[in-house]
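Atoms considered below: every heavy atom in the structure, side chains included; atoms not considered: hydrogens, waters and symmetry mates. As the structure lists them, so they are numbered: ligands from 1, and atoms in each ligand from 1.
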Amino acid sequence: MRSKVVCNCRLGSKCRTGVFISVPLRSTFCVGTSYILAVKVSYIVAVIMVDYKVQGSFAILEVNNPPVNALSHAVRSGLNDGIEKASRDRNVKAVIVCGKGATFPAGADIREFSKPKKEPWLPEIGHKMEKCEKPVIAAIHGTCLGGGLEIALFCHYRIALKTARVGFPEVQLGLLPGAAGTQRLPRVAGLQVAMDMISSGRHVLATEAKKYGIIDELCLKAVKASVDFPYEKGLEMETEFFKQLLGSGQSKAQQYAFFAERTIARWEMPNGNYRTAVAKPVKSTAVIGAGTMGSGIVVCLLSAGIPVYLMEQNEKFLNNGLKMIKSIMEGSVKLGKVSPEVGRKAATLLKPTMNYNDLKDVDLIPVLVKTCRGFLANRMHGPFGTEGTFLVEEGALPSQVDRVMEDFGLPIGPFKVRDLSGVDIAYKIKQEVAKLLGIKTTLQTRFMNGERYCALNDRLFHLGRLGRKTGKGYYKYEKAGGKIATEDSDVTDIIEKHCKELGIQRRQISSQEIVERMMYSCINEGFKILEDGIAVRPEDIDVCYLYGFSFPRYLGGPMFYANQIGLQRVYERICYYHENFPYSPHWVPSRLLRKLAAKSVPMNEWMAYATGSKL
Ligand SMILES: C[C@H](O)[C@H](C)C(=O)SCCNC(=O)CCNC(=O)[C@H](O)C(C)(C)COP(=O)([O-])OP(=O)([O-])OC[C@H]1O[C@@H](n2cnc3c(N)ncnc32)[C@H](O)[C@@H]1OP(=O)([O-])[O-]
């Protein structure tokens, strides 16, 4: 708190906004913004961050810990002191708890989770509020979340701006409400709403409750305890569950993801940064390429009401693209993803063309990268996809690889993705590389430019099995353009015929090997990307995977996942695969990984080793 107590330090009126450091047996010094005194501090009393003032017969406890009024130790101390003070003050008839600036407290201070725990705890403060003989009112605005909502639930009354949002987002940090939220919300809002809010973590407008989402077992037990046990017992159980979750790898990964998203938002470039950048209006755009990805980007632009040229050199492809866009837009209107009005307007905003000249004045052309290895995501996903194909050539089936990777946490397996994007896309990328190398591949090709090559995808391409668009690919579908993937015994026959022709002895492949070969090949490339300076920090890679590939948030991202597995273990397994697959350069171990593993470097210090001199 920038405490309201009049400063009694030796500086008196010269003191600036002070934080008070109480030094026992000596006078109190205040450490202002402009006066720093050499003080021998025997201990520091927490900086208190709750403004206490009395207006009329109201005591106002205003939390002042910008930007989100997180309930740090200092804030908890201030609330604790404040409610005790208000309870004692005879002139005070009621107490208001509120937040200064943007919001009512938005939760516990996540940064404190990895530090030693310090009382007072939220429930202790909350019980003091609840037991206070004077009405305690929570005046809510902004985002009253997590511990903030729990504090509000201890209050006797909760007044909120209708724009305010409340919620228990702890589940997104791999946690559950740990300050009586699982016991009090059901008692206030009923079990069903409580389960929905606690399991989904959604923000709920002050005036309405959200509908059901995914329910987490542990959370369920805690919420259920509010029905099956008396309050005190339920509180005990909640605390136990909370401790279990706080120590879990999932919670650490989700807390990492929370801060990683914010870290990468603070980007710096040679010619500017996130503070100096000024957004430019985009009034016209163009997309070059009418394939699946190009058409998807056109749909996004049309749905945002932005005019777009669709440029294609081949008239047939252009017309196919227009048909695909029309059907996606119609589907989006039917599903209510876009309004009928946007759907109607889209037709007037879309301009097909085969003339690059039409694009000369557009504001923006999203770059559709087909084979650029320089892009982080493409470069890391290359080995991931290649290893998937090799695993099928050696003994696994596409459905087995997909099942293992979906169990790992991916929303859709790699072979279902290939059917979605098009078997022909993967085939054309490979053919472009072969052309650049002056190589003609056949169905018997085993090596290309000294590197292992698998022609399985080529086989499916030549059989016209292009994926969803033709109703057959690595799976079969209910119709061309269908979405329901069914295992196809013909694919198994194609794979076995391929292996027989090339004399490959198929073998049983474990799930562990599948996860390692898919993930460690991609992680190894991630460390090489850090070495090459394509990404500034591991968070860049992880957030790219969380958003670009829906990588499971409870693993944090590929680089955080490697950190959790242990770099030494990951490095050893990459060396093992490098030894066993010498014709796959993506298994050459990253120098940065080798160095970090050898020195057991903590993740937040990795980049200190990424420059050439330290490798
Ligand atoms: C006991 C109890 O049962 C349990 C155990 C808990 O309570 S667990 C905690 C539960 N509460 C949460 O999960 C809420 C998490 N925060 C948010 O959802 C959002 O912040 C926001 C409230 C909707 C505002 O969004 P924003 O877009 O306006 O700003 P921002 O950019 O996100 O955030 C602005 C700055 O504030 C930082 N920050 C935000 N919330 C924080 C928190 N709870 N603790 C510490 N720092 C936080 C954030 O890192 C950023 O800092 P920097 O990176 O710039 O240095």
Open item on the list: I need the atoms of ligand 1 closer than 4.0 Å to a non-hydrogen atom of F113, numbered in the order shown.
Closed with: 5 (C), 8 (S)

Task: Atoms in ligand 1 with a heavy atom of A179 nearer than 4.0 Å - done: 3 (O)

Task: Donor on one side chain, acceptor on other, Y256 and N563, under 3.5 Å - done: no

Open item on the list: I need the contact type for F104 against ligand 1. Using non-hydrogen atoms and a strict under-4.0 Å cut-off, is it side chain, backbone, both or neither?
Closed with: neither

Open item on the list: Could you tell me, atom by atom, which parts of ligand 1 come under 4.0 Å of a heavy atom of G146?
Closed with: 7 (O), 10 (C)

Open item on the list: Looking at D228 and K233, is there a salt bridge between them, counting it only when a charged N and a carboxylate O are closer than 4.0 Å?
Closed with: no

Open item on the list: Does any N or O of ligand 1 fall below 3.5 Å from an N or O anywhere on G178, backbone included?
Closed with: yes

Open item on the list: Just checking Y561 against F408, ring centres under 6.0 Å apart?
Closed with: yes

Task: Distance-only polar pair, side chains of Q244 and S248, donor-acceptor under 3.5 Å - done: no

Open item on the list: Is the contact between T143 and ligand 1 made by the side chain, the backbone, both, or neither, using heavy atoms and a 4.0 Å cut-off?
Closed with: side chain

Open item on the list: Counting only heavy atoms, tell me which of A108, G147, S72 gets closest to atom 43 (N) of ligand 1.
Closed with: A108

TODO: Name the closest protein heavy atom to atom 41 (C) of ligand 1, giving the residue it belongs to and the distance to 0.1 Å.
DONE: V68 CG2, 3.8 Å

Open item on the list: Between I534 and K528, is there a side-chain heavy-atom distance shorter than 4.5 Å?
Closed with: no

Task: Interatomic spacing from CE in M559 to CE in M380 - rounded to 0.5 Å - done: 5.5 Å

Open item on the list: Applying a heavy-atom cut-off of 4.0 Å, say which part of P169 lies close to ligand 1: side chain, backbone, both or neither.
Closed with: side chain

Open item on the list: With the threshold set strictly below 4.0 angstrom, can you tell me whether any protein non-hydrogen atom sits that near atom 7 (O) of ligand 1?
Closed with: yes

- [ ] Using a 4.0 Å heavy-atom cut-off, say whether A106 meets ligand 1 through its side chain, its backbone, both or neither.
- [x] both

Open item on the list: For the CZ atom of F168 and the CZ atom of R202, what is their distance to the nearest 0.5 Å?
Closed with: 15.5 Å

Open item on the list: Taking 4.0 angstrom as the limit and counting only heavy atoms of F259, give me the atoms of ligand 1 inside it, by number and element.
Closed with: 49 (O)

- [ ] Over 60° means perpendicular and under 30° means parallel, so classify the ring planes of H381 and F384, tilted if in between.
- [x] parallel

- [ ] Write out the residue and atom name of the closest protein heavy atom to atom 23 (C) of ligand 1, then the distance separating them to 0.1 Å.
- [x] H203 CE1, 3.9 Å

Task: Nearest protein heavy atom under 4.0 Å from atom 51 (O) of ligand 1, yes or no - done: yes

TODO: Could you list which atoms of ligand 1 come closer than 4.0 Å to a heavy atom of P177?
DONE: 3 (O)

Task: Straight-line distance of M603 CE to E539 CD, nearest 0.5 Å - done: 5.5 Å

Open item on the list: Does this structure show an ion pair linking R379 with D532, if we count only N-O contacts that are shorter than 4.0 Å?
Closed with: yes

Open item on the list: Can you tell me which portion of Q172 lies within the under-4.0 Å heavy-atom range of ligand 1? Options are side chain, backbone, both, or neither.
Closed with: neither

- [ ] May I ask whether R266 places a heavy atom under 4.0 Å from ligand 1?
- [x] yes

- [ ] Starting from atom 15 (C) of ligand 1, find the nearest protein heavy-atom neighbour and note its residue, name and distance.
- [x] F258 CE1, 3.4 Å

TODO: Tell me which protein heavy atom sits closest to atom 1 (C) of ligand 1, plus the residue, atom name and distance to 0.1 Å.
DONE: E150 OE1, 3.6 Å

Task: Donor-acceptor pair between E238 and T182 side chains, under 3.5 angstrom - done: yes

Task: Within-cutoff protein neighbour (heavy atom, under 4.0 Å) for atom 26 (P) of ligand 1 - done: no

Open item on the list: Looking at ligand 1, would G181 count as a contact under a 4.0 Å heavy-atom criterion?
Closed with: no

Open item on the list: If I apply the N/O under 3.5 Å rule, does I110 come out as touching ligand 1?
Closed with: yes

Task: Nearest protein heavy atom with distance in Å, relative to atom 4 (C) of ligand 1 - done: E170 OE2, 3.2 Å

TODO: Report the residue from V299, V298, V333 that forms a side-chain contact (heavy atoms from CB on, under 4.5 Å) with I328.
DONE: V299

TODO: Return the residue, atom name and 0.1 Å-rounded distance of the protein heavy atom closest to atom 32 (O) of ligand 1.
DONE: R262 NE, 2.6 Å

TODO: Please say whether more than 12 non-hydrogen atoms of neighbouring residues, nucleotides or ligands are located less than 6.0 Å from CZ in F58.
DONE: no

- [ ] To the nearest 0.5 angstrom, please state how far the CZ atom of F154 sits from the NZ atom of K128.
- [x] 12.5 Å

- [ ] Could you list the atoms of ligand 1 found under 4.0 angstrom from a heavy atom of F242?
- [x] 5 (C)

Open item on the list: Test of understanding: given a 4.0 Å heavy-atom threshold, classify the contact between D109 and ligand 1 as side chain, backbone, both, or neither.
Closed with: both

TODO: Select one of side chain, backbone, both or neither to describe which atoms of F168 lie under 4.0 Å from any atom of ligand 1, heavy atoms only.
DONE: neither

Task: Separation of M49 CE from E62 CD (nearest 0.5 Å) - done: 13.5 Å

- [ ] Would you kindly specify which portion of L71 sits under 4.0 Å from ligand 1, judged on non-hydrogen atoms: side chain, backbone, both or neither?
- [x] neither

Open item on the list: Please list the nearest protein heavy atom to atom 46 (N) of ligand 1 with its residue and the distance rounded to 0.1 Å.
Closed with: R111 NE, 3.9 Å

Open item on the list: Could you check whether E112 pairs with R76 (Lys NZ or Arg NE/NH1/NH2 to Asp/Glu carboxylate O, under 4.0 Å)?
Closed with: yes

Open item on the list: Check for me whether K599 meets the cation-pi criterion with Y609, that is, NZ or CZ under 6.0 Å from the six-membered ring centre and within 45 degrees of the ring axis.
Closed with: no

- [ ] Please write down residue, atom name and distance for the protein heavy atom closest to atom 34 (C) of ligand 1.
- [x] P67 CG, 3.7 Å

